[in-house]
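Take a look at the structure set out below.
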Amino acid sequence: MVRTTKTTTMESDRIKISESKFGKGLFAKKNIEQGTVICKITGTPLNFQQTLLLHEKESHTLQIDFDKYILCDAPFLYSNHSCNPNCAINSALELITLQHIKEGEELFWDYSTSMLERHWTMKCTCGDKNCRKVITDFDLLPDALQRKYLELNIVLPFISHFIKYERAKSA
(Lines give C-alpha, C1' and ligand atoms only; values in the text may rest on other atoms or scores of the structure.)
Protein backbone atom coordinates (compact mmCIF):
# COMPACT_ATOMS: atom_id res chain seq x y z
CA MET A 1 0.00 0.00 0.00
CA VAL A 2 1.25 3.49 -0.87
CA ARG A 3 1.03 5.92 2.03
CA THR A 4 0.35 9.58 1.33
CA THR A 5 2.46 12.08 3.19
CA LYS A 6 2.11 15.52 1.69
CA THR A 7 -0.55 17.45 -0.19
CA THR A 8 0.41 19.39 -3.29
CA THR A 9 -1.69 22.01 -5.03
CA MET A 10 -0.91 24.10 -8.09
CA GLU A 11 0.00 26.96 -5.74
CA SER A 12 2.67 24.87 -4.02
CA ASP A 13 5.10 25.22 -6.94
CA ARG A 14 5.66 21.45 -7.15
CA ILE A 15 4.01 20.76 -10.52
CA LYS A 16 3.41 22.61 -13.73
CA ILE A 17 1.47 22.00 -16.93
CA SER A 18 3.89 21.96 -19.82
CA GLU A 19 4.40 20.60 -23.33
CA SER A 20 4.76 16.81 -23.49
CA LYS A 21 5.23 14.33 -26.32
CA PHE A 22 1.50 13.68 -25.80
CA GLY A 23 0.44 17.35 -26.05
CA LYS A 24 0.38 18.78 -22.55
CA GLY A 25 1.40 17.00 -19.37
CA LEU A 26 2.13 17.42 -15.67
CA PHE A 27 5.78 17.92 -14.73
CA ALA A 28 7.61 18.18 -11.43
CA LYS A 29 8.98 21.66 -10.76
CA LYS A 30 11.15 20.17 -8.01
CA ASN A 31 11.85 16.75 -6.53
CA ILE A 32 8.70 15.15 -5.09
CA GLU A 33 8.73 12.38 -2.48
CA GLN A 34 7.02 9.01 -2.92
CA GLY A 35 3.49 9.04 -1.47
CA THR A 36 2.88 12.73 -2.11
CA VAL A 37 -0.63 13.82 -3.08
CA ILE A 38 -0.22 15.84 -6.26
CA CYS A 39 -3.81 17.01 -6.68
CA LYS A 40 -7.42 16.24 -5.85
CA ILE A 41 -9.35 15.17 -8.95
CA THR A 42 -12.28 17.50 -9.50
CA GLY A 43 -14.69 18.16 -12.32
CA THR A 44 -18.24 18.02 -13.57
CA PRO A 45 -20.18 14.84 -12.73
CA LEU A 46 -21.55 12.94 -15.75
CA ASN A 47 -23.11 9.59 -16.56
CA PHE A 48 -22.00 7.30 -19.39
CA GLN A 49 -24.52 8.65 -21.91
CA GLN A 50 -23.39 12.21 -21.21
CA THR A 51 -19.76 11.25 -21.85
CA LEU A 52 -20.72 10.01 -25.32
CA LEU A 53 -22.04 13.48 -26.19
CA LEU A 54 -18.54 14.91 -25.60
CA HIS A 55 -17.23 13.22 -28.79
CA GLU A 56 -13.45 13.84 -28.99
CA LYS A 57 -13.44 15.24 -25.44
CA GLU A 58 -14.82 11.94 -24.08
CA SER A 59 -11.21 11.12 -23.20
CA HIS A 60 -11.23 14.07 -20.76
CA THR A 61 -13.44 12.08 -18.40
CA LEU A 62 -12.51 9.75 -15.56
CA GLN A 63 -14.74 6.77 -14.78
CA ILE A 64 -15.35 6.66 -11.02
CA ASP A 65 -18.15 4.06 -10.89
CA PHE A 66 -20.10 1.89 -13.30
CA ASP A 67 -22.20 4.81 -14.60
CA LYS A 68 -20.43 7.77 -12.95
CA TYR A 69 -17.75 9.91 -14.56
CA ILE A 70 -16.03 13.21 -13.96
CA LEU A 71 -15.23 15.66 -16.76
CA CYS A 72 -11.83 16.49 -15.30
CA ASP A 73 -10.54 19.92 -14.34
CA ALA A 74 -6.92 21.03 -14.52
CA PRO A 75 -4.38 20.11 -13.38
CA PHE A 76 -5.46 16.44 -13.50
CA LEU A 77 -6.91 16.93 -16.98
CA TYR A 78 -3.34 17.14 -18.30
CA SER A 79 -2.07 13.94 -16.68
CA ASN A 80 -0.89 11.34 -19.17
CA HIS A 81 -0.78 7.54 -19.29
CA SER A 82 2.15 5.17 -19.01
CA CYS A 83 2.23 1.38 -18.79
CA ASN A 84 4.98 1.98 -16.20
CA PRO A 85 3.41 4.76 -14.11
CA ASN A 86 5.14 6.87 -11.48
CA CYS A 87 1.78 8.05 -10.10
CA ALA A 88 -1.66 6.60 -9.41
CA ILE A 89 -5.15 7.50 -8.27
CA ASN A 90 -6.10 6.56 -4.73
CA SER A 91 -9.60 5.84 -3.40
CA ALA A 92 -9.99 9.49 -2.35
CA LEU A 93 -9.64 10.52 -6.02
CA GLU A 94 -6.21 12.05 -5.53
CA LEU A 95 -3.26 11.72 -7.87
CA ILE A 96 -0.37 10.39 -5.77
CA THR A 97 3.25 9.58 -6.48
CA LEU A 98 4.27 5.91 -6.47
CA GLN A 99 7.97 6.72 -6.35
CA HIS A 100 10.35 9.61 -5.96
CA ILE A 101 9.84 12.05 -8.86
CA LYS A 102 12.80 14.10 -10.04
CA GLU A 103 12.60 17.76 -11.02
CA GLY A 104 11.57 18.03 -14.68
CA GLU A 105 10.11 14.49 -14.81
CA GLU A 106 6.65 14.01 -16.29
CA LEU A 107 4.00 12.47 -14.04
CA PHE A 108 2.14 9.45 -15.47
CA TRP A 109 -0.58 7.09 -14.24
CA ASP A 110 -2.06 3.96 -15.78
CA TYR A 111 -5.47 4.88 -17.23
CA SER A 112 -6.58 1.23 -17.02
CA THR A 113 -6.80 1.47 -13.22
CA SER A 114 -9.99 3.52 -13.65
CA MET A 115 -11.60 1.74 -16.61
CA LEU A 116 -14.32 -0.91 -16.63
CA GLU A 117 -16.83 -0.09 -19.37
CA ARG A 118 -16.04 -2.03 -22.59
CA HIS A 119 -16.34 1.16 -24.62
CA TRP A 120 -13.20 3.30 -24.77
CA THR A 121 -9.74 2.12 -25.74
CA MET A 122 -6.70 4.02 -26.90
CA LYS A 123 -3.51 3.12 -28.70
CA CYS A 124 -0.65 3.41 -26.25
CA THR A 125 2.54 5.12 -27.35
CA CYS A 126 4.16 5.44 -23.90
CA GLY A 127 7.34 3.79 -25.19
CA ASP A 128 7.99 1.74 -22.05
CA LYS A 129 9.71 -1.61 -22.65
CA ASN A 130 6.59 -3.30 -21.20
CA CYS A 131 4.10 -1.17 -23.16
CA ARG A 132 0.81 -3.02 -23.65
CA LYS A 133 0.15 -1.15 -26.94
CA VAL A 134 -3.55 -0.63 -26.07
CA ILE A 135 -5.09 1.09 -23.06
CA THR A 136 -8.17 -0.87 -22.07
CA ASP A 137 -10.30 -1.99 -19.13
CA PHE A 138 -8.66 -3.09 -15.88
CA ASP A 139 -10.01 -6.63 -15.95
CA LEU A 140 -8.34 -7.18 -19.34
CA LEU A 141 -4.87 -6.44 -17.94
CA PRO A 142 -2.52 -9.39 -17.32
CA ASP A 143 -3.39 -11.11 -14.01
CA ALA A 144 -0.01 -10.33 -12.44
CA LEU A 145 -0.41 -6.61 -13.17
CA GLN A 146 -3.97 -6.63 -11.80
CA ARG A 147 -2.70 -8.22 -8.58
CA LYS A 148 0.15 -5.70 -8.30
CA TYR A 149 -2.18 -2.71 -8.71
CA LEU A 150 -4.75 -4.19 -6.31
CA GLU A 151 -2.03 -4.79 -3.68
CA LEU A 152 -0.84 -1.19 -4.07
CA ASN A 153 -4.46 -0.07 -3.56
CA ILE A 154 -4.35 2.08 -6.71
CA VAL A 155 -7.44 0.71 -8.44
CA LEU A 156 -10.65 2.65 -8.09
CA PRO A 157 -12.95 1.06 -5.50
CA PHE A 158 -15.77 0.08 -7.88
CA ILE A 159 -13.28 -1.95 -9.93
CA SER A 160 -11.69 -3.56 -6.85
CA HIS A 161 -15.11 -4.66 -5.62
CA PHE A 162 -16.05 -6.01 -9.04
CA ILE A 163 -12.80 -7.99 -9.37
CA LYS A 164 -13.17 -9.47 -5.86
CA TYR A 165 -16.76 -10.44 -6.64
CA GLU A 166 -15.82 -12.07 -9.95
CA ARG A 167 -12.93 -13.98 -8.37
CA ALA A 168 -15.15 -15.18 -5.52
CA LYS A 169 -17.75 -16.42 -8.04
CA SER A 170 -15.17 -18.44 -9.93
CA ALA A 171 -13.51 -19.91 -6.81
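For the atom pair CG (Leu54) and CG (Leu52), the distance works out to 8.5 Å, reported to the nearest 0.5 Å. Rounding to the nearest 0.5 Å places CE of Met115 at 10.5 Å from CG of Leu62. Atom CZ of Phe27 and atom CG of Leu107 lie 9.0 Å apart (nearest 0.5 Å). In this structure, SG on Cys83 lies 13.0 Å from NZ on Lys129, to the nearest 0.5 angstrom. Taken from CG in Leu150 to CG in Leu141, the straight-line distance is 9.5 Å, to the nearest 0.5 Å.
Linking Ile, Leu, Val, Met, Phe, Trp and Tyr residues whenever their side-chain heavy atoms come within less than 4.5 Å leaves Ile154 and Leu140 in two separate clusters. Phe138 and Val134 are members of different hydrophobic clusters when ILVMFWY side chains are connected at heavy-atom separations under 4.5 Å. No path of Ile, Leu, Val, Met, Phe, Trp and Tyr side chains, each step under 4.5 Å between heavy atoms, connects Leu26 with Phe22, placing them in separate hydrophobic clusters. Hydrophobic clustering (side-chain heavy atoms under 4.5 Å, transitive across Ile, Leu, Val, Met, Phe, Trp, Tyr) groups Leu116 together with Leu145. Under a hydrophobic clustering in which Ile, Leu, Val, Met, Phe, Trp and Tyr are joined whenever their side-chain heavy atoms come within less than 4.5 Å, directly or via other members, Leu93 and Tyr78 fall into the same cluster.
For the pair Ile41 and Glu94, the minimum side-chain heavy-atom distance is 4.5 Å or more. Side-chain contact between Thr61 and Cys72 is absent, with no heavy-atom pair separated by less than 4.5 Å. Residues Leu95 and Val37 have side chains not in contact (no heavy-atom distance under 4.5 Å, counting atoms from C-beta outward). The side-chain heavy atoms of Cys87 and Ser79, taken from C-beta on, include no pair separated by under 4.5 Å. Counting heavy atoms from C-beta outward, Leu71 and Leu77 have side chains that stay 4.5 Å or more apart. Cys124 has its side chain within reach of His81: a pair of non-hydrogen atoms, C-beta onward, lies under 4.5 Å apart. Annotation: side chain of Ile32 is in contact with side chain of Ile38 (closest heavy-atom distance under 4.5 Å). Between Gln63 and Glu117, some side-chain heavy-atom pair lies under the 4.5 Å cut-off.
Closest heavy-atom contact between Leu98 and Pro85: CD1-O, 3.9 Å. Annotation for Phe158 and Ser114: closest pair CZ-O, 3.9 Å, computed over non-hydrogen atoms. Nearest approach of Phe108 to Ser82, heavy atoms of both residues: CB-CB, 3.5 Å. Of all heavy-atom pairs between Gly25 and Asn80, the closest is CA-ND2, 3.5 Å. The two residues Ser20 and Glu106 have their closest heavy-atom pair at OG-OE1, 2.9 Å. Across every non-hydrogen atom of Gln50 and Leu46, the tightest pair is OE1-CA, 3.2 Å.
We find that Glu166 and Lys169 are joined by a salt bridge, their nearest charged nitrogen and carboxylate oxygen being less than 4.0 Å apart. For Arg132 and Asp110, the salt-bridge test passes: some basic side-chain N is under 4.0 Å from an acidic carboxylate O.
Ring geometry for Phe48 against Tyr69 counts as tilted: the plane angle lies between 30° and 60°, on a 0 to 90° scale. The aromatic rings of Tyr111 and Trp120 lie tilted to each other, with the angle between the two planes from 30° to 60°.
Lys21 places a side-chain N or O within donor-acceptor distance of the main-chain N or O of Cys126, the cut-off being under 3.5 Å. Panel note: side chain Thr97, backbone Glu33; a donor-acceptor pair is recorded below 3.5 Å. Judged purely by atom type and a 3.5 angstrom limit, Gln146 uses its side chain to pair as donor or acceptor with the backbone of Asp139. Side-chain atoms of Lys40 come within 3.5 Å of backbone atoms of Ala92 as a donor-acceptor pair (strictly under, hydrogens ignored). Proximity of a side-chain donor or acceptor of Asp137 to a complementary backbone N or O of Arg118 within less than 3.5 Å is detected. A side-chain donor-acceptor contact under 3.5 Å links Ser112 to the backbone of Thr136. Distance alone, capped at 3.5 Å, places no donor-acceptor pair between the Asp65 side chain and the Asp67 backbone.
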Step-by-step side-chain contact (heavy atoms from CB on, under 4.5 Å) determination, Glu103 to Arg14: CA-CA 9 Å; Glu103 179 180 348; Arg14 289 188 191 255; over 6 Å; no
Chi angles and distances behind the side-chain contact (heavy atoms from CB on, under 4.5 Å) call for Lys24, Glu19: CA-CA 4 Å; Lys24 291 189 180 197; Glu19 292 303 312; 3.8 Å; yes
Residue pair Lys148, Leu152: steps toward the side-chain contact (heavy atoms from CB on, under 4.5 Å) verdict: CA-CA 6 Å; Lys148 173 185 172 184; Leu152 287 171; 4.2 Å; yes
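The side-chain hydrogen bond (donor to acceptor under 3.5 Å, both in side chains) search around Glu105 returns Asn86, not counting sequence neighbours. In this structure Asp73 satisfies the side-chain contact (heavy atoms from CB on, under 4.5 Å) test together with Thr42, sequence neighbours excluded.
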